[in-house]
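See structure below.
Quick caveat, the model's predicted, so the values are computed rather than measured. Along the sequence shown, the residues carry numbers beginning at 1.
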Amino acid sequence: MDSLLRLEGIRKEYKIGAERIKAVWKIDLDIKKGEILGLVGESGSGKSTIANIITRLITPDEGRIVFKGVEISALSERAFREYRRDIQMVFQDPYSSINPKKKIGYLLNECLLIHEKGMSKAERMRRVMESLEEVGLDASYAERYPDSLSGGQRQRVAIALALILHPSLIVLDEPVSALDVSVEAQILNLLMDLRRKYGLTYLFISHDLNVVSYLSDRIAVMYLGSIVELGRVEDIIGNMAHPYTRALFSASSDVTATLSGEIPSPLNPPPGCPFHTRCAFIEERCKKEKPELVEMEGGHYVSCHYPLYNKEG
């Protein structure tokens, strides 16, 4: 399967006074055409920074973003404009990302006015109605305002706004974490249906490994700005090799694992392995030497000096 998008050596730091936060530390990651890549980790692990870098809402300090064979990170904003429509994003809170003063139909039509300048008014209206129908909303929603909708309905509108431009890649940043369980299931099923129908590629970001494992083809696990485990869902779930992955998944698996304490501050990350301050399997080497992300077998990558293959947690 060909890569649709690649991140190569991506680094991002934020300056706070005289200090710098290492939000993302030299990450390599590829998203294959037609797949769902799940990106999972606790709050503060760098997941949303990755999302914002891919969509060029923020600029990395170092590294390359390659989309469809083009290094889009090197393009000017004007040159990137033709690619912007092809990479869309759905945020955790649709209300904050949708103009509450405009009707839903206006918002959808506005996307087409910006990106489909040669499209007729009749064709734009047809596409607006089609997009609403695709996400399970009837034509009457075009005349409604966002504040008259439920959380699930607003998220459907957010998906329609991403879908209307027929993108290749949709970045989903915690799209169901604010929803009730029953509504969450409906939105997840909608995303799966749309993916099958249009051959979409998703980057699905969540702190919930259970949701990610339900949707994804592959999973990347982030901790304190780094990828600590990456592989196919069946490999991650069936043979979790990093202690952090096991800890995340322990609540609903047969593996017994504990995760003590809070994620360290990126203002002052620990030396050596970034996870060693919370790891139940710590050795002296872990305190001094940061492990590389290396392939263990068949596309299963782990960043750990002592991976837990075939060990009981």
[X] side chain near [Y] side chain, heavy-atom distance below 4.5 Å:
X: Leu149; Y: Arg156; result: no
X: Thr277; Y: Pro264; result: yes
X: Thr201; Y: Leu5; result: no
X: Cys111; Y: Leu161; result: yes
X: His207; Y: Ser43; result: no
X: Pro266; Y: Tyr14; result: no
X: Arg11; Y: Lys22; result: no
X: Val157; Y: Val135; result: no

For [Y], does its backbone N or O pair with a side-chain atom of [X] as donor and acceptor, under 3.5 Å?
X: Glu229; Y: Ile236; answer: no
X: Ser213; Y: Asn210; answer: yes
X: Arg127; Y: Ile164; answer: yes
X: Asp28; Y: Gly9; answer: yes
X: Asn189; Y: Ala185; answer: yes
X: Gln153; Y: Ser150; answer: yes
X: Ser206; Y: Val40; answer: no
X: Asn52; Y: Leu57; answer: no
X: Arg124; Y: Met119; answer: yes
X: Lys47; Y: Met222; answer: no

Among the clusters formed by ILVMFWY side chains lying less than 4.5 Å apart, do [X] and [Y] turn up in the same one?
X: Met192; Y: Tyr202; value: yes
X: Leu29; Y: Val66; value: no
X: Ile282; Y: Met240; value: no
X: Leu39; Y: Trp25; value: no
X: Leu190; Y: Val90; value: yes

In Å, rounded to the nearest 0.5 Å, how long is the span from [atom1] of [X] to [atom2] of [Y]?
X: Ser73; Y: Glu62; atom1: OG; atom2: CD; result: 11.5 Å
X: Ile36; Y: Arg195; atom1: CD1; atom2: CZ; result: 4.0 Å
X: Leu112; Y: Met125; atom1: CG; atom2: CE; result: 10.0 Å
X: Ser226; Y: Tyr244; atom1: OG; atom2: OH; result: 11.5 Å
X: Ile54; Y: Thr49; atom1: CD1; atom2: OG1; result: 11.0 Å
X: Ser120; Y: Arg126; atom1: OG; atom2: CZ; result: 9.0 Å

- Query: How far apart are the C-alpha atoms of Glu283 and His276, what are their side-chain angles, what is the distance that settles it, and do they pass the side-chain hydrogen bond (donor to acceptor under 3.5 Å, both in side chains) test?
  - Reply: CA-CA 8 Å; Glu283 301 285 349; His276 85 257; over 6 Å; no
Verdict with supporting geometry, Asp138 and Ser140, side-chain hydrogen bond (donor to acceptor under 3.5 Å, both in side chains):
CA-CA 6 Å; Asp138 62 48; Ser140 68; 2.3 Å; yes
Minimum heavy-atom separation for [X] and [Y], please, with both atom names.
X: Lys103; Y: Ala142; value: CB-O, 3.6 Å
X: Gln88; Y: Ala162; value: CG-O, 3.5 Å
X: Gln92; Y: Ser177; value: NE2-OG, 3.0 Å
X: Val233; Y: Ser216; value: CG2-O, 2.9 Å
X: Leu209; Y: Phe249; value: CD2-CD1, 3.3 Å
X: Phe204; Y: Val212; value: CD2-CG2, 4.1 Å

[Y]/[X] salt bridge by N-O under 4.0 Å criterion:
X: Arg218; Y: Asp30; value: yes
X: Lys102; Y: Glu110; value: no
X: Lys32; Y: Asp217; value: no
X: Arg85; Y: Glu82; value: no

* In sequence, state the C-alpha distance, the side-chain angles, and the governing distance for Gln155 and Val183, and then conclude on side-chain contact (heavy atoms from CB on, under 4.5 Å). => CA-CA 10 Å; Gln155 198 59 288; Val183 179; over 6 Å; no
Atom CD of Glu289 with >12 non-hydrogen neighbours under 6.0 angstrom: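 Above 12, so yes.
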*Is it true that atom CD of Glu292 has more than 12 heavy atoms of other residues, nucleotides or ligands lying nearer than 6.0 Å?*
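Counting other residues, nucleotides and ligands, CD of Glu292 stays at 12 neighbours or fewer.
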task: Quickly, which of Leu37, Val221, Ile219 forms a side chain to side chain contact (heavy atoms under 4.5 Å, CB included) with Leu230? Name it, please.
output: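 Of Leu37, Val221, Ile219, side chain to side chain contact (heavy atoms under 4.5 Å, CB included) with Leu230 is met by Leu37 alone.
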Inset, instruction - Give a yes/no verdict on a cation-pi contact between Arg278 and Phe275, requiring under 6.0 Å between NZ or CZ and the six-membered ring centre and an angle within 45° of the axis. - result: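 No cation-pi geometry.
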Distance under 6.0 Å and angle within 45° of the ring axis: does Arg56 meet both against Phe80?
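Yes, a cation-pi geometry holds between Arg56 and Phe80.
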**Glu42 and Tyr223: CA distance, side-chain angles, deciding distance, side-chain contact (heavy atoms from CB on, under 4.5 Å) verdict** = CA-CA 7 Å; Glu42 294 170 282; Tyr223 185 78; 3.8 Å; yes
Which class fits the ring pair Tyr83 and Phe67: parallel under 30°, tilted 30 to 60°, perpendicular over 60°?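 Correct class here is perpendicular.
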Residue pair Val302, Val228: steps toward the side-chain contact (heavy atoms from CB on, under 4.5 Å) verdict: CA-CA 6 Å; Val302 183; Val228 297; over 6 Å; no
Reference residue Asp61; test salt bridge (charged side-chain N to carboxylate O under 4.0 Å, His left out); the match among Lys15, Lys26, Lys12 =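 Considering Lys15, Lys26, Lys12, a salt bridge (charged side-chain N to carboxylate O under 4.0 Å, His left out) with Asp61 is found only for Lys12.
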